2 protein chains.
Amino acid sequence: MARKQGSHSDITGPRVQDTALRLIARHGYAAVSMRQIAAEVGVQAGALYNYTPDKQTLLFDLMRAHMQEVLDALAAADLRGDPPARLDGFTRFHIRFHLPRPDQVFVSYMELRNLAPENFAILESMRRDYETALEDILRDGVAAGVFAVPDTRIATMAIIAMLTGLSHWYREGGRLGMDAIEEIYCNLVQKSVRR
Amino acid sequence: MARKQGSHSDITGPRVQDTALRLIARHGYAAVSMRQIAAEVGVQAGALYNYTPDKQTLLFDLMRAHMQEVLDALAAADLRGDPPARLDGFTRFHIRFHLPRPDQVFVSYMELRNLAPENFAILESMRRDYETALEDILRDGVAAGVFAVPDTRIATMAIIAMLTGLSHWYREGGRLGMDAIEEIYCNLVQKSVRR
DNA sequence: GTCTATATTTGGATAGAC
DNA sequence: GTCTATCCAAATATAGAC
């Protein structure tokens, strides 16, 4: 076996994405070379350009795909109930979606500054949509008199920072499983905004 | 004026640090070249090596200096009182210290993965000391029965993530001043751990 | 679709003159 | 302490054979 040449677009395409994501998450976009990605995929550097016009687009496609998945999954979650129930739902959704995807979270958070301006604007807009989903819950809760937050925008940013931070230190197989983590964060988040 | 050569170590030294910090915060360590730093300082690239043995040490010195300042300032703050008062004190200390230093926060947070392993270990240890200061407050509060947190370690990480996240989006001259921000975060933090 | 080979640029770091 | 000049390695991206 072990062909040295031939067509493998079905296998190579996803492998390029997966490898790039993992390497960029570990070392950073600027520190990872196309040669390094190619070597881990098992092709020569030139072959990568069958799958992306350039390195910048490769990064952007990774980040946009992740944010699109987040937004689609959130829409599919279809949170219902009173504001506290929806807040619990959002918290659990965030944790369940993001904890199994630490590399995507890391890249989407750390590499924003390496995006070309037009690409940055697109990602920022998608990120803002996600934040708005949480802020809507908080605002409804305040209107209903069940939440007491001095400023819904700041509470939104604070809660998302708390949740995103979790992805930066949580490692599978640690002291606590995902279910236990979920309970603890629901408790912290819920209390921080309740009357 | 405008000498093209001569000794300027008093001026150039700090300028190298300041410029490197600003550029790395904006573009990332791997994306910033020594030539770029030199150009902004106003010297040739070779001259930088009078101030640092190499690029890695330049990064490490920036990060270590920042963490040392944090720890020194926290020790000087000398928080006293019951656990809720100390928690408020910690929250206000964090905000007052970090909000005026967005570049340091950004670099210390984002560039950990670009440190050589031995340098990483040193920074991690200093960071852990800072986290422990908060966890001690939470543990005392739980022991005294004034705080109710399911897990002090996780609550510590959650609160620090919330506070650090603030530095990532807060910009001077925005809708809210630092004092207003302080009040809002004290409220969120305090409620999240109270019985 | 992949390979080999390469054009071109840019990077960190050093040597020696002033 | 800074400059000029340079070494050497590594980067992105492309061209053409298979």
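Convention: sequence-line order gives letters A, B, ...; per-chain numbering from 1. What you see is a predicted model; the values in this text were computed from it and never measured.
Nucleic acid contact for A:Val41: none, since no nucleic acid atom lies under 4.0 Å from a heavy atom of the residue.
Between B:Ser33 and C:dT10, a side-chain N or O to OP1/OP2 separation shorter than 4.0 Å is absent. Taking only side-chain nitrogens and oxygens, A:Thr12 never comes nearer than 4.0 Å to OP1 or OP2 of C:dG1.
Cation-pi check for A:Arg128 over A:Tyr130 is not met; the charged atom does not lie both under 6.0 angstrom from the ring centroid and within 45 degrees of its normal. Cation-pi check for B:Arg86 over B:Phe90 is not met; the charged atom does not lie both under 6.0 angstrom from the ring centroid and within 45 degrees of its normal.
For the pair B:Tyr185 (side chain) and B:Leu166 (backbone), a donor-acceptor distance under 3.5 Å is absent.
The residues B:Glu69 and B:Arg64 are annotated as not salt-bridged, no charged nitrogen and carboxylate oxygen being separated by less than 4.0 angstrom.
One can place CE of A:Met34 at 20 Å from P of C:dT8, the figure rounded to the nearest angstrom. Distance CG (B:Asn50) to C1' (C:dT14): 12 Å, rounded to an integer number of Å. Following rounding to the nearest Å, B:Leu48 (CG) and D:dG1 (P) show an atom-to-atom distance of 13 Å. B:Gln44 has its CD atom 13 Å from the C1' atom of D:dT6, to the nearest Å. Regarding B:Lys55, its NZ atom lies at a distance of 8 Å from the C1' atom of C:dG11, rounded to whole Å. Straight-line distance from the NE2 atom of A:His8 to the C1' atom of C:dT2: 8 Å, rounded to whole Å. Taking atom CZ of A:Arg15 as the reference point, atom P of C:dT2 lies 11 Å away to the nearest angstrom. Rounding to whole angstrom units, OH of residue B:Tyr49 and P of C:dG12 are separated by 6 Å.
Judged by distance alone, the side chains of A:Thr156 and A:Glu131 never bring a donor and an acceptor atom under 3.5 Å apart.
Among the nucleotides C:dT2, D:dT2, C:dT4, the one closest to any side-chain atom of B:Tyr51 is D:dT2. Comparing D:dA13, C:dT2, D:dT4 by their nearest atom to the side chain of A:Asp54 picks out D:dA13.
Nearest-nucleotide assignment on DNA chain D puts the 5′-proximal partner with A:Gln36, out of A:Pro53 and A:Gln36.
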